[in-house]
Amino acid sequence: MYICTKIRVIMNNEGLNSITIAQLKQHFGINEGLGNDFMISSEKEHKYFDLFKYPCRLDAIVFGVCTQGSAKAIINLKEYNISAGMMIASTPENIVQVNHTSEDFKGHIIIVSLDFLKEILIDLKNSMTIYVQIKNQPYIKLQDEDFKILGDFFSLMYECANSPNNKFKLNIIRNLIASFIYKSCAALNDTAIENNKHVLNRQEAFFKQFMELLVLHHKEERSVGFYAKQMHITPKYMSSLIKKISGLSAAEWIDEYIILEIKALLKYSDMSIQEIAYHFNFSTQSFFGKYFKQHTGMSPSQYKMQ
């Protein structure tokens with residue numbers, strides 16, 4: 001009853017609300033002192049799985065692994081039976097509910113914000129190409145090796161999260177989470193290739209085509225109109241279509257993709273700011289700086305030096 005009451009508090013009077021990681025951590029008192037960009041819940045803390053007892057939308061990416069027993073999860077009104085050795089993933093726009101767990105159910109869960117993914121430089125080229133796959137097939141049966149590796153990663157994360165503070169603690173956890181996410185995405189991708197059962201519908205095929213064009217042309221083109229022309233549709237229709245499929249508009253995808261690569265070059269390459277500006281086809285370094293600050297809140301030099 002306590003958990004249910006807390007969840008109802010998080011919801012607003014108009015119905016389902018988008019719950020943030022900060023709200024979850026505040027109400028359930030977990031991972032305190034580690035910021036609000038991620039949440040790690042262990043099978044030792046059964047009560048935290050009750051947070052999904054009622055339909056909710058989490059403003060985060062969720063990876064859950066069932067280690068024992070079974071559960072029934074409902075994502076966007078479609079029910080999935082989850083058993084030991086299975087992983088389920090969910091994206092921010094989904095409505096999630098767990099309406100049944102067996103008495104012997106155990107599992108662990110990782111919840112991370114989109115900002116966290118950007119900060120640890122999860123490469124959209126590698127992870128977001130399976131975004132649509134997660135949307136359509138949010139669960140997989142893990143191979144024994146993947147199940148063990150993900151379990152090992154989780155044990156390390158949980159142990160670090162509950163260890164005494166030191167100046168490296170947060171960085172260690174962040175890098176373990178990054179590894180966990182990469183391994184999860186690899187498992188999802190491998191399963192899709194092996195099964196080869198998912199057939200893209202027309203809308204999803206457009207999304208795949210858009211992402212392929214973005215990979216090819218993002219260094220030269222930032223205009224929605226350019227990509228719409230390549231796809232032989234209007235910019236307005238393309239933006240609404242991409243938004244419907246992925247939760248982000250075409251312009252947001254373009255900006256997110258470019259900003260992510262710029263951040264990586266600023267942090268990890270020997271290129272000067274001017275070289276990076278020209279690398280992405282900005283007419284002047286000043287225009288490049290304004291673009292970067294508009295999307296990050298800081299100048300390229302400030303980001304490079306932090």
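Index from 1, following the sequence.
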(request) With side chain to side chain contact (heavy atoms under 4.5 Å, CB included) as the test, would you mind laying out the steps for Val62 and Val96 before giving the verdict? (result) CA-CA 10 Å; Val62 180; Val96 181; over 6 Å; no
(message) Under the criterion ring-ring contact (aromatic ring centres under 6.0 Å, His included), I'd like the reasoning laid out for Trp253 against Phe207: C-alpha separation, chi angles, the key distance, then a yes or no.
(response) CA-CA 11 Å; Trp253 272 109; Phe207 179 76; 5.6 Å; yes
(request) Apply the test side chain to side chain contact (heavy atoms under 4.5 Å, CB included) to residues Val98 and Ile74: give CA-CA distance (whole Å), side-chain angles for both, the deciding distance (0.1 Å), then the verdict. (result) CA-CA 6 Å; Val98 178; Ile74 300 174; over 6 Å; no
(message) Using side chain to side chain contact (heavy atoms under 4.5 Å, CB included), reason through Met231 and Leu213 one step at a time and then give a plain yes or no.
(response) CA-CA 9 Å; Met231 297 173 67; Leu213 288 169; 3.5 Å; yes
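By the side chain to side chain donor-acceptor pair (under 3.5 Å) test, Lys169 is found to be paired with Asn165, residues two or more places apart in sequence or in another chain being considered. Residues passing the side chain to side chain donor-acceptor pair (under 3.5 Å) test with Tyr291 are Asp255, sequence neighbours excluded. Taking the ring-ring contact (aromatic ring centres under 6.0 Å, His included) definition, one finds that Phe226 meets it with His217, sequence neighbours left out. For Tyr237, there are no ring-ring contact (aromatic ring centres under 6.0 Å, His included) partners, not counting sequence neighbours. Legend: residues meeting side-chain contact (heavy atoms from CB on, under 4.5 Å) with Gln306, ordered by chain and number and at least two apart, are Lys267, Met298, Tyr303. Applying the ring-ring contact (aromatic ring centres under 6.0 Å, His included) test to Phe63 and every residue at least two apart in sequence or in another chain returns nothing. In this structure Lys183 satisfies the side chain to side chain donor-acceptor pair (under 3.5 Å) test together with Asp146, sequence neighbours excluded. Here Ser286 pairs with Thr284, Lys290 under the side-chain contact (heavy atoms from CB on, under 4.5 Å) rule; sequence neighbours left out. Legend: residues meeting side-chain contact (heavy atoms from CB on, under 4.5 Å) with Glu159, ordered by chain and number and at least two apart, are absent. By the side chain to side chain donor-acceptor pair (under 3.5 Å) test, Ser102 is found to be paired with Asp104, residues two or more places apart in sequence or in another chain being considered.
Met87 has its side chain within reach of Ser184: a pair of non-hydrogen atoms, C-beta onward, lies under 4.5 Å apart. With a 4.5 Å cut-off on side-chain heavy atoms, Leu214 and Ile254 count as touching. Taking the side chain as every heavy atom from C-beta outward, Leu241 and Phe210 never approach each other to under 4.5 Å. The closest side-chain heavy-atom distance from Val112 to Ile110 is below 4.5 Å.
In plain terms, the two heavy atoms of Cys66 and Phe105 that are nearest each other are SG-CE1, 3.7 Å. Considering every non-hydrogen atom in both Ala228 and Thr234, the closest pair reads CB-C, 3.8 Å. Taking every heavy atom of both residues into account, Thr67 and His108 meet most closely at CG2-CE1, 3.6 Å. Closest approach of Val65 and Leu142 over heavy atoms only: CG1-CD1, 4.1 Å. Closest of all the heavy-atom pairs between Ile276 and Ile262 is CG2-CG2, 4.3 Å. Heavy-atom minimum distance, Pro300 versus Phe292: N-CD2, 3.6 Å.
Residue Ile82 holds its CD1 atom at 12.5 Å from OG1 of Thr101, rounded to the nearest 0.5 Å. Note that OG of Ser240 and CE of Met238 are 9.5 Å apart. Values are rounded to the nearest 0.5 Å. The line from CD of Gln302 to CG of Leu266 is 11.5 Å long, rounded to the nearest 0.5 Å. A distance of 10.0 Å separates CZ of Phe38 from CG of Leu176, quoted to the nearest 0.5 Å. Atom-to-atom distance recorded for Ser83:OG and Tyr139:OH is 9.5 Å, nearest 0.5 angstrom. The CD atom of Gln209 sits 7.5 Å away from the NE2 atom of His232 when rounded to the nearest 0.5 Å.
Taking the six-membered ring where the residue is Trp, Phe280 and His218 present tilted rings, their angle falling between 30° and 60°.
Seen from the ring of Phe282, Arg222 counts as a face-on cation partner, given the 6.0 Å and 45° thresholds.
Heavy atoms of other residues, nucleotides or ligands lying less than 6.0 angstrom from CG of Asn166 number more than 12.
Glu261 places no side-chain N or O within 3.5 Å of a backbone atom of Ile258 that could act as its donor or acceptor partner. In this structure, the side chain of Gln230 does not engage the main chain of Tyr227 through any donor-acceptor pair within 3.5 Å. No donor-acceptor pair closer than 3.5 Å links the side chain of Lys244 to the backbone N or O of Ser239.
No path of Ile, Leu, Val, Met, Phe, Trp and Tyr side chains, each step under 4.5 Å between heavy atoms, connects Ile259 with Met305, placing them in separate hydrophobic clusters. Using a 4.5 Å cut-off between side-chain heavy atoms of Ile, Leu, Val, Met, Phe, Trp and Tyr, with links allowed through other members, Tyr278 and Leu265 fall into different hydrophobic clusters.
Applying the salt bridge (Lys or Arg N to Asp or Glu O under 4.0 Å) test to pairs two or more places apart or on separate chains, those with a residue in residues 211-220 are Lys208-Glu212.
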If you look only at distance, which donor and acceptor atoms sit under 3.5 Å apart when one is on a side chain in residues 147-157 and the other is two or more places apart or in another chain?
| unit_1 | atom_1 | unit_2 | atom_2 | d |
| --- | --- | --- | --- | --- |
| Lys148 | NZ | Asp152 | OD2 | 2.9 |
| Ser155 | OG | Gly151 | O | 3.0 |

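Just one of Ile61, Ile21, Asn36 meets the side-chain contact (heavy atoms from CB on, under 4.5 Å) condition when paired with Ser113; it is Ile21.
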